[in-house]
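Working notes, structure below.
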Amino acid sequence: MSTANTLEGRVAVITGASSGLGEATAELLAERGAKVAVLARRADRLDALVERIEKNGGTAIAIAADVTDAAALGAAAERVASELGTADLLFNNAGVMLASPVTELRTDQWQQQIDVNISGLMNAVGAFTPQLVRAAAAKGVADLVNTSSIAAQNIFPTFAVYTGSKAFVSHASRNLRAELGAQHVRVSVIEPGIVKTELQGHVTDPAATAWLDDVLANQEVLEARDIAEAVAFLAAQPRRVNFQQLTVMPTFQTN
Ligand code: NDP
């Protein structure tokens, strides 16, 4: 089946779009015909992404915002509705991964992960779900796709807060699916294994960094585009089909 224009007429919002999974997904959804709103804090990266998408014939707007700021996300939702139309796809993807032995009491890093991965995710749900419901009523279906991680299920010592935050994402997604399905809003959670992005570069713990560097240098890990394909696949399903949870592993990875 040709995938060209399978998302024509869709209006997608992508958080965490300035790099990694979000950036690749914005480009792919736009290639497939969706209008995209790209959201993150780094405006320069978003502007460059919008320029690339437009050069490729797509439609995109950049929204510089911090997902921990609920009011900023409310304003973002208004901009999307007025400039692109009612959002019918939210790729709720902004996130941060940090690691440290719990005895080091890096409460700043604990808080940052809770703020971005949990509160930020819910701020986007709060800002955009009303549009998803409206879009589903008008078009027949809408999609909320949340980025979790295999860390939601698996055990990674020194990553307790990150893994816990992703367990929140996965279980909240399952419950939101049950709540919103009756209104034709599909909810999916994607749980990727390791993908080479900027994510690993924020880890400050030397042991965790050494482990991640070794895996990234010596293994065939996922590419951001692999997850973008998963998002496009979910959004292109017939309206009766809701993949609740998609775990995407690099072939080599055992855990
Ligand atoms: P990146 O670090 O490349 O991307 C993270 C994105 O989140 C950036 O665009 C960043 O933009 C944005 N972001 C971070 N904090 C905020 C904030 N406060 N407000 C708005 N945006 C923010 O990593 P990935 O692409 O890998 O990560 C995307 C998601 O995938 C995350 O949720 C991550 O947990 C998850 N994931 C990643 C895996 C991997 O191996 N890479 C594996 C499993 C899950 P900016 O800094 O400009 O604000």
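We count ligands from 1, going down the list as the structure has it; atoms in each ligand are counted the same way. The first residue of the sequence shown is numbered 1, and numbering continues consecutively from there. Note that these values count all heavy atoms, side chains included, but never hydrogens, waters or copies made by symmetry.
Residue contacts with ligand 1, taken as heavy atom pairs separated by less than 4.0 Å, involve K166 solely via side-chain atoms from C-beta onward. With a 4.0 Å cut-off on non-hydrogen atoms, V195 touches ligand 1 through its backbone as well as its side chain. Residue A224 does not touch ligand 1, judged by heavy-atom distances below 4.0 Å. Residue-level proximity to ligand 1 for Q200 is carried by the side chain, the only part with a heavy atom below 4.0 angstrom.
With a 6.0 Å radius and a threshold of 12 heavy atoms from other residues, nucleotides or ligands, E31 has its CD atom above the threshold. Remark: E83 CD is packed, more than 12 non-hydrogen atoms of other residues, nucleotides or ligands lying under 6.0 Å away. No more than 12 heavy atoms of other residues, nucleotides or ligands sit less than 6.0 Å from atom CD of E220.
The nearest protein atom to atom 12 (C) of ligand 1, hydrogens excluded, is given as G16 CA, 3.6 Å; this is a heavy-atom distance. Nearest protein neighbour of atom 28 (C) of ligand 1, counting heavy atoms only, is N93 OD1, 3.4 Å. For atom 44 (C) of ligand 1, the closest heavy atom belonging to the protein is S148 O, 3.1 Å. Closest protein heavy atom to atom 37 (C) of ligand 1: L199 CD2, 3.5 Å. Atom 3 (O) of ligand 1 has S19 OG, 2.8 Å as its closest protein atom, hydrogens excluded (heavy atom only). Protein heavy atom in closest approach to atom 11 (O) of ligand 1: S18 OG, 2.8 Å. Of the protein's heavy atoms, Y162 OH, 3.6 Å lies nearest to atom 33 (C) of ligand 1. Distance from atom 16 (C) of ligand 1 to its nearest protein heavy atom, with residue and atom name: R41 NE, 3.6 Å.
One side chain, T204 or Q109, offers a donor N or O that lies under 3.5 Å from an acceptor on the other. At a cut-off of 3.5 Å, with distance as the only test, no side-chain donor of Q113 or N117 sits close to an acceptor on the other residue.
The two residues D205 and A99 come nearest to each other via the heavy atoms CB-O, 3.2 Å. The minimum heavy-atom distance between A135 and A87, with the atom names listed, is CB-O, 3.5 Å. What you find for A65 and L73 is that their closest heavy atoms are CB-CD2, 4.4 Å. For L89 against L132, the heavy-atom pair with the smallest separation is N-CD2, 3.6 Å.
Here the rule is side chain to side chain donor-acceptor pair (under 3.5 Å) with S18, and of R41, R42, E23 only R42 fits it. A side-chain contact (heavy atoms from CB on, under 4.5 Å) with L7 holds for exactly one of L29, D88, V36; it is L29.
Counting the atoms of ligand 1 from 1 in the order shown, those under 4.0 Å from a heavy atom of E198 are 2 (O), 3 (O). Set against the non-hydrogen atoms of A65, the atoms of ligand 1 under 4.0 Å away are 19 (N), 20 (C). Taking every non-hydrogen atom of T147 and a distance limit under 4.0 Å, the qualifying atoms of ligand 1 come out as 29 (C), 30 (O), 35 (C). Contact atoms of ligand 1 toward L21: 25 (O), 26 (O), 30 (O) (distance under 4.0 Å to a heavy atom of the residue). Interface of I194 with ligand 1, defined as ligand atoms under 4.0 Å from a residue heavy atom, comprises 40 (O). Of all atoms in ligand 1, numbered sequentially from 1 with element shown, those under 4.0 Å from a heavy atom of V116 are 15 (N), 18 (N). Short contacts between ligand 1 and G95, defined as distances under 4.0 Å to a heavy atom of the residue, involve ligand atoms 5 (C), 7 (O), 14 (C), 31 (C), 32 (O). Short contacts between ligand 1 and G20, defined as distances under 4.0 Å to a heavy atom of the residue, involve ligand atoms 3 (O), 25 (O).
For the ligand labelled ligand 1, residue G193 lies inside the 4.0 Å heavy-atom shell. Ligand 1 does not have V96 within reach: every non-hydrogen atom of the residue lies 4.0 Å or more from it. G120 does not count as a contact of ligand 1, since none of its heavy atoms falls under 4.0 Å from the ligand. The shortest separation from a heavy atom of A151 to ligand 1 is not under 4.0 Å, leaving the residue out of contact.
Remark: aromatic rings of F156 and Y162 are distant, center separation not under 6.0 Å.
Interatomic distance, OG1 of T197 versus CG of L216, reported as 8.5 Å (0.5 Å rounding).
In this structure, the side chain of E229 does not engage the main chain of R225 through any donor-acceptor pair within 3.5 Å.
The nearest non-hydrogen atom to atom 21 (N) of ligand 1, considering only A94, A64, A72, P192, comes from A94. Closest to atom 24 (P) of ligand 1 by heavy atom, among N92, T197, V67, is T197.
A salt bridge is defined here as a Lys NZ or Arg NE, NH1 or NH2 lying under 4.0 Å from an Asp or Glu carboxylate O, and R106 with D108 meets this definition.
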